[in-house]
Amino acid sequence: MPPLGVPVEQLRPDPAYVQLILGAVYDIRICSKIFDGWATQLDKVPSSSKHKPEERELALRHHLDLLKEDVSWCSRATDEILLCHAQFAYVTAQRIDNASKSWLKGLKYGTDTTRLANDISQASRSLSKHVTQMQGNLRSFVSALEKMEVGKKTSTARRILGWLKYLFNALASIFALGSIVSPFLHSVGPGASTIACAASALWKAAAAFCADASEVNEGKEAESIDSVLIFLKATVPKEAQRAQKSLARFDEALFVLGIEARMKTGRRVVLRGPDLAAVVQEWREVAQQYQSVLPDDEDPDN
């Protein structure tokens, strides 16, 4: 049986898909940044009693602690998924490079793509579970805030209002329009922070929210607090779920998995086209973009 000729054009990475993955990762990181930062701010708010906080404040702190735990697990699963994407990019670049140097430009059979697809599937299930938990705990958190009637002039309400001012101003500083400087990305991939922000649905929604809303000033408390609560109730859970669904995809591997299925039966596959070296370089650049978002202790080249 003659070898199966595969145009190398069909193996090119898709820049739109790369942006989708980076944007989804960024959304999960933003959730983590929000809840970690807000927990720190809540600790600065004096309790209603010199001896111990009242029950409603304890409930608020409890729900926020649960949210911090949720986003921590979400971040771990996201890092696992991103590591798989980075490894796939490195492996694909190496396989095409090896094929370009062989006599017939033959692609060698391997099982890395199947393994990475399985790893992504497992991490995606974990991410889905913890995003669902985060949504539930976020509903409880917002409900606890609403029960404290922060728009009324009670002593507890004034304390929580002071905390909400911190929350709103923190959002405004993180998501200020035109601010693309990211504390989540390294400098390995030039332009990676710009790509991630441009693709991040939560970043866009938060930036628009902060541009439209004013600071929590005297006389405008109810309006501004409502905008914060709506952002928490509607925007954050919706975009977190959207990010989770995006990260569950492994579209860039579908074509390779089809090729490997044929190679597993003994069919030889050869690459066609003059620009194999260019495609290799594109995959290496994609790998660097993914790597730039990975924690320092993760090495996708292993």
Side-chain angles (χ1 to χ4, degrees), residues 27-77 127-175 201-202 205-206 208-210 212-244:
D27 284 343
I28 299 298
R29 299 281 174 85
I30 288 172
C31 289
S32 179
K33 178 72 173 178
I34 290 172
F35 299 130
D36 282 345
W38 285 2
T40 300
Q41 294 295 347
L42 182 57
D43 288 339
K44 297 178 181 178
V45 178
S47 66
S48 59
S49 168
K50 292 182 179 180
H51 302 290
K52 63 178 181 179
E54 68 171 44
E55 185 176 344
R56 289 179 297 179
E57 288 185 61
L58 288 173
L60 198 63
R61 293 171 187 271
H62 171 69
H63 293 310
L64 191 52
D65 284 341
L66 292 177
L67 282 169
K68 283 181 59 181
E69 185 176 351
D70 291 335
V71 295
S72 176
W73 281 105
C74 287
S75 293
R76 294 179 198 177
L127 180 59
S128 176
K129 170 187 172 183
H130 291 291
V131 165
T132 299
Q133 288 181 190
M134 183 189 73
Q135 290 173 319
N137 286 323
L138 188 53
R139 285 192 296 270
S140 298
F141 175 67
V142 173
S143 176
L145 272 176
E146 291 173 329
K147 289 177 181 177
M148 299 191 82
E149 299 177 310
V150 289
K152 297 186 178 181
K153 296 184 180 298
T154 64
S155 59
T156 300
R158 283 195 295 271
R159 277 189 297 276
I160 300 303
L161 176 59
W163 179 60
L164 282 176
K165 288 181 180 179
Y166 279 116
L167 305 194
F168 184 87
N169 291 333
L171 274 176
S173 64
I174 294 172
F175 302 116
L202 184 54
F209 157 70
C210 290
D212 292 340
S214 59
E215 290 188 2
V216 185
N217 293 321
E218 190 70 27
K220 294 185 178 180
E221 290 91 346
E223 180 182 344
S224 297
I225 289 169
D226 283 346
S227 67
V228 173
L229 295 179
I230 290 172
F231 177 74
L232 292 175
K233 284 194 290 188
T235 305
V236 173
K238 181 183 74 173
E239 299 307 341
Q241 186 172 40
R242 190 198 303 270
Q244 177 264 313

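Please read all numbers here as calculations on a predicted model, not as lab measurements.
The side-chain heavy atoms of Phe35 and Val236, taken from C-beta on, include a pair separated by under 4.5 Å.
Counting all heavy atoms, side chain and backbone alike, Ala240 lies closest to Ile28 at O-CD1, 4.4 Å. What you find for His63 and Asn137 is that their closest heavy atoms are CB-O, 4.4 Å.
With hydrogens and angles disregarded, a donor-acceptor distance shorter than 3.5 Å links the side chain of Thr132 to the backbone of Ser128. At distances below 3.5 Å, at least one donor-acceptor pair connects side-chain atoms of Ser140 with backbone N or O atoms of Gly136. No donor-acceptor pair under 3.5 Å is formed between the side chain of Gln133 and the backbone N or O of Asp70. Judged by distance alone, with hydrogens and angles left aside, the side-chain atoms of Ser143 form no donor-acceptor pair with the main-chain N or O of Arg139 at under 3.5 Å.
Rounded to the nearest 0.5 Å, atoms CD (Gln244) and NE2 (His130) are 11.5 Å apart. Atom CG of residue Leu127 and atom CE of residue Met134 lie 9.0 Å apart, to the nearest 0.5 angstrom. For the atom pair Arg61 CZ and Phe141 CZ, the distance stands at 11.0 Å (nearest 0.5 Å).
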